[in-house]
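First up is the structure itself, then whatever we jot down about it.
What's counted below: heavy atoms across the whole structure, side chains too, no hydrogens, waters or symmetry copies. In this chain, residues are counted from 1 in sequence order.
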Amino acid sequence: MRKSNLPFLALFLIAISPHAQADQPLRLIKTVFLPGYVGDFEHFAADIKGNRLFLIAEDHKTVEVLDIRTGRRIHTIAGFGQPHAIEYLAGPNSLVVTEGDEESGAVELVSASNNKILDKIMLPTNVDGGVFNPVNKYYYVESGGQGQDAKTHLLSIIDTQSFKRIGDITLPGTKSEAMAIDHSGRKLYVNLRDPDEIGVVDLLTGQLVTRWPIPEAKSQNALVLNEPNHRLFSATHTPPKLFVFDIDTGKVIASLPCAVNSDDMGYDPVRKRIYITGDGEASVFEQHDADHYVHIAEVPTGYRARTSIFVSELNRLYLGVASRGKREAGKLAVPEPGSKVEVRIYQAQP
């Protein structure tokens, strides 16, 4: 009788699996389950000194406070409508949280000392992302265009010191996604969704000064500024691609396929890597120099694990893995029995 080779094959796979894992640019070191939570996540914010990680639990309408090193849930902050973006302000030890849907929009100030909502500013509907300018201490909040035929939408300016809305910047199209500000605090880069362009805003004048078309792609979501190399990274959904722009000329330097339905992107300045997180995978790219980029790995992650943050001080990538189930209009309608929600922590490898 011919003997089966299956036992030997199993031993061989066991022997090579640690080596294969070691070769990956990201190594999973911790999985933390969040019992009692159902739905999707939005964005993270980090407080390194305070050893905290804040996570927007979008469908749960809360902010989850985690231990940044262990992932353990410390506290849940409730009282939000439909939260989206979050920023931690170290000076006053506070959080700024945006919230919005088709009927309302707002930005809220939260004490990170006692986890209480302190103040709220009403904004136009469909508020989504935001970005903080550490130079002037302003927080810029994206709102949706008013009506299906809207030609413009607003970027509301919030003075975080007085917590007042002090003005607006008008942008083309009905929606924008993800922003970045240069170190001088003078230029803001934004994904303009409907025109499928990158917009450059002069923050001193409050005017949109430049628009760069994104060739043969649309629905850009994540954006990161690599200022030392004069480069801007933007990830699109259709098709799923990473675009590299020269910020001096507005020209596309490179474009490469990436994870589908990406929502967040991080840059690793030590290893010169770009991490783009999408549905089920994290795409990892290596920056050889300002003009040359190589795809080095697709790291399996989890279901709808699009929400992420790369914390360079800890060399870690944090991911939120959402609930499985039936979705309607992008929202979880019927959870899958037994589906677990979790936060995964990956360590960047040399």
Side-chain angles (χ1 to χ4, degrees), residues 26-32 34 37 40-58 60 62-77 80 83-99 107-115 129-135 137 139-141 160 178-181 183 221-227 233 262-271 273-277 282 284 301 305-321 341-348:
L26 295 169
R27 181 170 63 89
L28 180 63
I29 60 171
K30 189 79 173 179
T31 299
V32 181
L34 300 180
Y37 177 79
D40 283 332
F41 298 106
E42 266 281 34
H43 297 291
F44 284 97
D47 168 22
I48 306 298
K49 187 176 180 180
N51 195 43
R52 293 177 296 181
L53 189 69
F54 304 96
L55 172 59
I56 292 286
E58 181 183 15
H60 205 225
T62 60
V63 172
E64 302 300 319
V65 187
L66 312 173
D67 184 300
I68 200 169
R69 285 170 173 80
T70 67
R72 180 179 62 88
R73 180 159 52 181
I74 302 170
H75 190 79
T76 295
I77 307 174
F80 303 99
H84 295 289
I86 186 168
E87 184 77 29
Y88 174 70
L89 307 179
N93 190 29
S94 60
L95 298 166
V96 179
V97 178
T98 70
E99 63 170 61
V107 60
E108 294 180 300
L109 181 66
V110 182
S111 169
S113 299
N114 60 18
N115 300 310
V131 65
F132 179 66
N133 186 342
V135 177
K137 311 300 182 187
Y139 190 62
Y140 299 86
V141 182
T160 62
M179 297 174 283
I181 296 175
H183 76 282
N221 224 47
L223 182 141
V224 167
L225 176 62
N226 177 215
E227 199 169 356
F233 310 133
S262 61
D263 207 17
D264 281 313
M265 181 193 316
Y267 180 71
D268 184 342
V270 174
R271 296 161 187 82
R273 290 178 186 161
I274 303 162
Y275 307 108
I276 300 177
T277 51
V284 185
T301 54
R306 306 180 302 175
T307 296
S308 69
I309 186 173
F310 181 72
V311 180
S312 58
E313 292 88 345
L314 301 177
N315 298 313
R316 287 182 174 183
L317 180 74
Y318 296 82
L319 279 170
V321 179
V341 172
E342 60 196 49
V343 172
R344 296 187 180 184
I345 306 174
Y346 292 82
Q347 191 76 39

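At least one donor-acceptor pair under 3.5 Å links the side chain of Tyr318 to the backbone N or O of Ile68. Side-chain atoms of Thr307 never come within 3.5 Å of backbone atoms of Gly320 as a donor-acceptor pair (strictly under, hydrogens ignored). With Asn315 contributing its side chain and Ala348 its backbone, the two residues share no donor-acceptor pair below 3.5 Å. Side-chain atoms of Arg72 do not come within 3.5 Å of backbone N or O of Val32 as any donor-acceptor pair. Side chain of Glu108 to backbone of Phe80: no donor-acceptor contact under 3.5 angstrom is found. At least one donor-acceptor pair closer than 3.5 Å links the side chain of Arg52 to the backbone N or O of Ala112. Between the Asp264 side chain and the Ser308 main chain, a donor and an acceptor come within less than 3.5 Å of each other.
Nearest heavy-atom pair across Pro83 and Val97 is CB-CG1, 4.1 Å. Here the closest non-hydrogen pair linking Ala57 and Tyr37 is CB-CE1, 3.2 Å. Of all the heavy atoms in Leu26 and Ala282, the pair that sits closest is CD1-CB, 4.5 Å. When all heavy atoms are compared, the tightest approach of Val321 to Ala305 is CG2-CB, 4.0 Å. Of all heavy-atom pairs spanning Ile74 and Asp67, the tightest one is CD1-N, 3.5 Å. Considering all non-hydrogen atoms of both residues, Thr301 and Leu319 come closest at CG2-CD1, 3.3 Å.
Rounding to the nearest 0.5 Å gives a distance of 9.5 Å between CG of Leu53 and CG of Leu314. Here the straight-line distance linking atom OG1 of Thr70 with atom CD1 of Ile29 works out to 10.5 Å at 0.5 Å rounding. To the nearest 0.5 Å, atom CG of residue Leu28 and atom CD of residue Gln347 are 11.0 Å apart. Considering CZ of Phe233 and CD1 of Ile274, their distance stands at 4.0 Å, rounded to 0.5 Å. Lys137 NZ to Leu89 CG: the interatomic distance, rounded to the nearest 0.5 Å, is 8.5 Å.
Checked options Thr277, Asp268, Val224; the residue passing with Phe310 is Asp268 (criterion: side chain to side chain contact (heavy atoms under 4.5 Å, CB included)).
Between Val63 and Ile86 the shortest side-chain heavy-atom distance falls below 4.5 Å. You'll find the side chain of Ile56 stays beyond 4.5 Å of the side chain of His84, heavy atoms only.
Residue-environment remark: NE2 (His75) exceeds the threshold of 12 foreign heavy atoms within 6.0 Å.
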